[in-house]
Amino acid sequence: CTPTVRMAAPEEPITINLNVRIEHEVRVRVERELDDIFAQDSDLF
Amino acid sequence: SINGKHDLATSTGEGILKVSSITFDDADNSLSDFINPLPVPVDLVSGVFGGEAALTWRLPEEEFLPVVTGSVDFKLTDIAGFYDNIGFLNLNTRLHARLKEDLHLESVTEEPFRIGRLDVGFPIEDIKTTYRFDSAKPAIQLRDAEMTMFAGRVTADQMVYDATMQTNSNTLLLERIDIEQILSISAYEGIIATGIVNGEIPMTIRGSQLTVSDGSIVALPPGGIINYRGGSTDTGNNNLDLAYGALSNYHYSQLEADVDYMADGELLLSVRMEGLAPAIDNQRINLNINIQDNIPTLLESLQAGRDIAESVQLQQRGGE
Amino acid sequence: QEMSLNEAKSAGLIGEGRDGYIALVQQNVPEQVRELVQRVNRERRERYQEIANENGVALRDVARLAYARAVEATQPGHFVQDDQGNWLRK
């Protein structure tokens, strides 16, 4: 087979800076509120 | 069974309290069936407890409560149960301690301590260490601790918690921790990442507060990939589009992270990666992500999702 | 007299869908069961929406978390949908 040569050598690396804040508080609150409706409305769950 | 003798004249005495093996099980022979209500949110649902205490007591004149001292030597075998919202299986240890006048216990010897599986919201397995403690201070010292977590090993040659000591510091070593396993716990839905990392986590315990500063994590070759599909790539802000485009499928060859953990539970990871984004014509990208995560809240959210008593029994019967 | 949710579940007609709502496990079900499913899902959606608004999260995320809770709360013998959409009996 004939080797194919790719010319598009990637240029200088790009730098990306990100800040990520992982929110668990919301999840804990939502789960607690779900617990409540699961307990109260037994005809819904 | 107790056998001993009491000398009325000197109102002193001594005796041997022998506890032949008690077997816990979850068909109303759990600890909470024997002792109710329990002072601490703990229950033991399987395993064997037995041993003996050699006690001497004396009744000071104007007192009506005897002063009891002596030694206790009890073995716990394959104990399963839970403490608060943390479940444990196959706990094996020996409680070999001196009972002091103030009714506090202090280890006589350093004893092995093993837990087959500890569930804190995610499983920590094969915990092995030796321990000694003094309930008066309180203080506990662990030596040669090791455990399996996220398919890797965590070890510490010595860990001391001593309320009377100013600070205590030592280093946790992480070996071959699997990032994919960490992100597979339910709290991190929506992101997939692979890679195996080693790390050194210098911990400082001051009073009851644990902190980490200048911890380091490094990924082993060949690195790994990151797939985050949560971000949209037409936000109109091309930097953001590029970032989300890269994150949707990023192959990194190098990863280093600084680890800091604050007394209030905030974990700060500053991650530096070198790699490329196949979707953007293999563009080489240096991706730096500062991640902030509150660990107590993370654990609470993981633990909130399950009934610990049920999960301990389920795991005991092999069902996951 | 309208069949209750639990009776319909025990009869294997309906189960907990992976989207947090009730779904039919089989198609030929009495009309009253279809109405039951619609009523229950409408009320569930209202509850989920309240929680979503209070916590500033998407309705879909609340429903997804409700699914995890529903699976756990499902009694043995009742149907639960897995992530691929197959019906499994717990």
Side-chain angles (χ1 to χ4, degrees), chain A, chain B residues 121 182-183 185-191 226 228 230-231 238-247 250 252-254 265-278 280-307:
Chain A
C1 74
T2 57
T4 55
V5 176
R6 268 190 56 120
M7 278 314 296
E11 323 86 3
E12 274 318 304
I14 303 173
T15 297
I16 300 176
N17 297 317
L18 283 175
N19 290 314
V20 170
R21 168 119 182 69
I22 296 177
E23 284 295 335
H24 295 295
E25 291 83 357
V26 174
R27 182 192 167 91
V28 172
R29 266 204 312 275
V30 168
E31 275 180 350
R32 271 216 199 94
E33 284 164 26
L34 283 171
D35 283 344
D36 295 343
I37 61 175
F38 262 67
Q40 284 145 16
D41 317 333
S42 58
D43 61 343
L44 280 187
F45 292 94
Chain B
I182 296 177
L183 293 178
I185 55 178
S186 61
Y188 296 119
E189 274 150 16
I191 179 160
I226 293 178
Y228 175 69
N238 42 33
N239 280 347
L240 210 49
D241 292 351
L242 178 67
Y244 281 131
L247 275 173
Y250 180 69
Y252 69 86
S253 53
Q254 315 270 339
E266 286 299 320
L267 175 69
L268 307 177
L269 295 172
S270 60
V271 185
R272 295 175 301 283
M273 288 176 276
E274 288 171 21
L276 50 86
I280 316 171
D281 193 21
N282 282 342
Q283 172 61 52
R284 285 170 55 221
I285 294 180
N286 295 335
L287 185 53
N288 305 322
I289 307 181
N290 290 323
I291 300 170
Q292 200 175 333
D293 193 353
N294 187 288
I295 300 305
T297 313
L298 161 68
L299 292 176
E300 192 188 333
S301 110
L302 290 173
Q303 290 166 8
R306 63 178 173 29
D307 171 343

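By convention in this document, chain letters (A, B, ...) are assigned in the order of the sequence lines, proteins followed by strands, and residues within each chain are numbered from 1. Worth saying up front: this structure is predicted, and the values here are computed from it rather than measured.
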Considering all heavy atoms of both residues, which atom of A:E12 and which atom of B:Q283 are nearest to each other, and what is their separation?
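What the structure gives for the nearest pair is O-NE2, 3.2 Å.
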
Which pair of heavy atoms, one from B:A246 and one from A:I16, lies closest together, and at what distance?
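Heavy atoms of B:A246 and A:I16 come nearest at CB-CD1, 4.0 Å.
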
Roughly how far, to the nearest 0.5 Å, is the CD atom of A:E31 from the CD atom of B:Q303?
11.5 Å

Distance (rounded to the nearest 0.5 Å) between A:I14 CD1 and B:L276 CG:
11.5 Å

Return the option, out of B:L247, B:N288, B:L269, with the maximum number of heavy-atom pairs under 4.5 Å with chain A.
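The candidate making the most pairs under 4.5 Å is B:N288.
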
Using non-hydrogen atoms and a 4.5 Å limit, figure out which bit of [X] sits close to chain A: side chain, backbone, both or neither.
X      : answer
B:L267 : neither
B:A277 : neither
B:E274 : neither

With a 4.5 angstrom heavy-atom cut-off, which part of A:R29 approaches chain B: side chain, backbone, both or neither?
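Neither part, no heavy atoms under 4.5 Å.
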
Please identify each residue that fulfils salt bridge (charged side-chain N to carboxylate O under 4.0 Å, His left out) with A:D36, with sequence neighbours left out.
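Listed in chain order: nothing, the list is empty.
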
Could you point out which residue of B:I191, B:D293, B:N294, B:T297 forms a side chain to side chain contact (heavy atoms under 4.5 Å, CB included) with A:I22?
B:D293

